[in-house]
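First the structure, in the form of structure tokens, and then the observations on it.
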There are 2 protein chains.
Amino acid sequence: MNESSLVKEETRNKVLSVIHKFNYQPNLLGRDLRRSETMKVLVLTPALEQSIFADIVKGIEDRGKEDGYYVLVCPTSNHANRERELFQMLQHRLADGVIVIRSTLSKEELSGLGQKHSIVQCLEITDASYTCGVSIDDEQAAFDAVSRLIELGHRRIALIGGPTLNNSTRLREQGYRRALNQSDIPFRQEWVKYGDYDHHDGEVLTNELLELQHVPSSIFCMSDSMAIGCVNAISKAGYKVPEDVAVIGFDNTREATMSLPALTTIDQPKYDLGYTAMNLLIHNMTSTEKIYEHVKLTHQLIERASTMEKEKE
Amino acid sequence: MNESSLVKEETRNKVLSVIHKFNYQPNLLGRDLRRSETMKVLVLTPALEQSIFADIVKGIEDRGKEDGYYVLVCPTSNHANRERELFQMLQHRLADGVIVIRSTLSKEELSGLGQKHSIVQCLEITDASYTCGVSIDDEQAAFDAVSRLIELGHRRIALIGGPTLNNSTRLREQGYRRALNQSDIPFRQEWVKYGDYDHHDGEVLTNELLELQHVPSSIFCMSDSMAIGCVNAISKAGYKVPEDVAVIGFDNTREATMSLPALTTIDQPKYDLGYTAMNLLIHNMTSTEKIYEHVKLTHQLIERASTMEKEKE
DNA sequence: TTGTATGCGTTATCAT
DNA sequence: ATGATAACGCATACAA
């Protein structure tokens, strides 16, 4: 009597009253076994403290609620083995699908899992087969950011990137190079640094840049956290943002507006990213015509106080 | 053939090879239904970004691993309805037990759930029946902190507390009053403020204290985050910590050592709190002799630079 | 030492 | 419109 179908009102009520009387609680294990589906979805996320992940998860949860899915959020701390443990839940039929945010697993591993299960990658997309993914166009986003710096009059543009293993880091560096190329600005390896997406690495790498003989006039960072570390390092070194060195961040997280000066940054549609990912997952879990695409949502350059028109030198 | 018991080596290998050949993965739904236990434990935590919760969860996970439990960490954002949703998983036999860190549910609600399920409270303990809890002795901890301030020569001691609904807030305030009493220092209501455990409220409430006609010479905060906000407010107002106003925090989180000056604080044994909570939960899930106690672990006053011997006035 | 039947709680199918 | 029965995958108890 789950759905009201073809039962007499009277008996229906009778059953309902008995259910209430004995405080009957369905044993979902029985149901799940019988239906061989659990209505549970795992979300693997590096962490929850960074607001970008929390926002994505919100989108996932909202979309999941529409179809009555249990969304279980599992922080992995970027630990590949924890990720594998959680994927085991799929094999063990304890969950129906997985959305993995910035996975640390290899393309091969994901492809293997994707053949038997429904997997959606988010933010960080490998071209693994049998999986789909949702992100922005990272190459284009970086191109847009760097192009804007060039428009503003910059020619000495440094790059502070994420982990070199990440596909998105590679793509964004490509966008950076394409923008330089287009304006015939030579690429300089010494102006390209890599690190983790956090505040600390942003500060350390910026210090390295500031100690160079040729100091860049602007720095494009691959996360807002890094950009904040970057701004701090610049200020501590006695320079001014944006007059001496302009800074662009990435993600448009809350902290981007809280820094001083507020960060120019690339907005990622975080909530929509999550919502779309869950949408894809639900489709692939329920339909037989699987979608194995890389969906790209639109980003946006948000201009704030950390960049400005460059004065002639 | 889970445990090697009384089966011929030969047949055992034969089975194993077939298992491998077909890449057999046990369907845990079947097992769980049959055994009517899931080996899954839910951890309900307000958030994960605050390191105190992460540390407790670590203790829980380690103890869980010893007995092969799946530990599912579920952030609730202090949202009571989300908490209730998760408790539903118990009713639906999707999990065997719950550890709830700083629950927002009422004593009555927890008692009701406790009658049918295994529940352990952590950090914030109501005296709900049919549940047990693990925390420090909050009253004594506050007493120790305030007594130390008195020893250092302070008599104008303010209190910045957590949410008034919390039992621990009440207990800690009792400890504060007992310490004052013992030294015949009159209690002043205007020197007692309440707010959320975060940095922001610490700053706001401290500003209120500094604007009073009689400014306290020391402030006891119920969290390190509050204490850091407190230190910032004091510095911004042109006073010096600890010379003008001494500050004591609570929890001994990472941030306590990162602030300037480093915080004197009450150490909570976070990892052990989690480990002990899981220990209790496992006991109550597996044994018929339930333990419904409030276990108190020992705290410790850690003295750092935010307090010092007070000069004679 | 190995094989076989039964039931966990639910839903789907079939017969009334 | 309702009642009866089988089956999901596993573990247990018992028979062989």
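None of these values were measured; they are calculated from a predicted model. Here is how names work: the chains are called A, B, and so on, in the same order as the sequence lines, proteins then strands, and each is numbered from 1. Every heavy atom of this structure was used, including side-chain atoms; hydrogens, water molecules and symmetry mates were not.
- With rounding to whole Å, R35(A) atom CZ is found 13 Å from dG9(C) atom C1'.
- As rounded to whole Å, 14 Å separates atom C1' of dG9(D) from atom CD1 of I19(B).
- Side-chain contact between H117(B) and Q91(B) is present, with heavy atoms from C-beta onward closer than 4.5 Å.
- Regarding contacts with the backbone of dT2(C), a side-chain N or O of T11(B) is found under 4.0 angstrom from either OP1 or OP2.
- One can place CZ of F22(A) at 16 Å from P of dG9(C), the figure rounded to the nearest angstrom.
- In this entry the distance linking CD of E37(B) with C1' of dC8(C) reads 13 Å, nearest Å.
- Side-chain contact between L72(A) and L72(B) is present, with heavy atoms from C-beta onward closer than 4.5 Å.
- Between E9(B) and L33(B), the residue anchored closer to the 5' end of DNA chain C is E9(B), taking for each the nucleotide with the nearest heavy atom.
- Atom CG in D32(B) sits about 16 Å away from atom P in dC8(C), given to the nearest Å.
- Atom CZ of R93(B) is separated from atom P of dG9(C) by 9 Å (rounded to the nearest Å).
- In this model, no side-chain donor or acceptor of R31(A) finds a partner on the base of dT10(C) within 3.5 Å.
- A side-chain contact (heavy atoms from CB on, under 4.5 Å) with T76(A) holds for exactly one of I101(A), L44(A), T104(A); it is L44(A).
- The side-chain tip of R102(B) points at the ring of Y197(B) from less than 6.0 angstrom away and within 45° of straight on.
- In this structure, CG of N13(A) is placed 14 Å from P of dA1(D), rounded to the nearest angstrom.
- The separation between L94(B) atom CG and dT10(C) atom C1' is 13 Å, rounded to whole Å.
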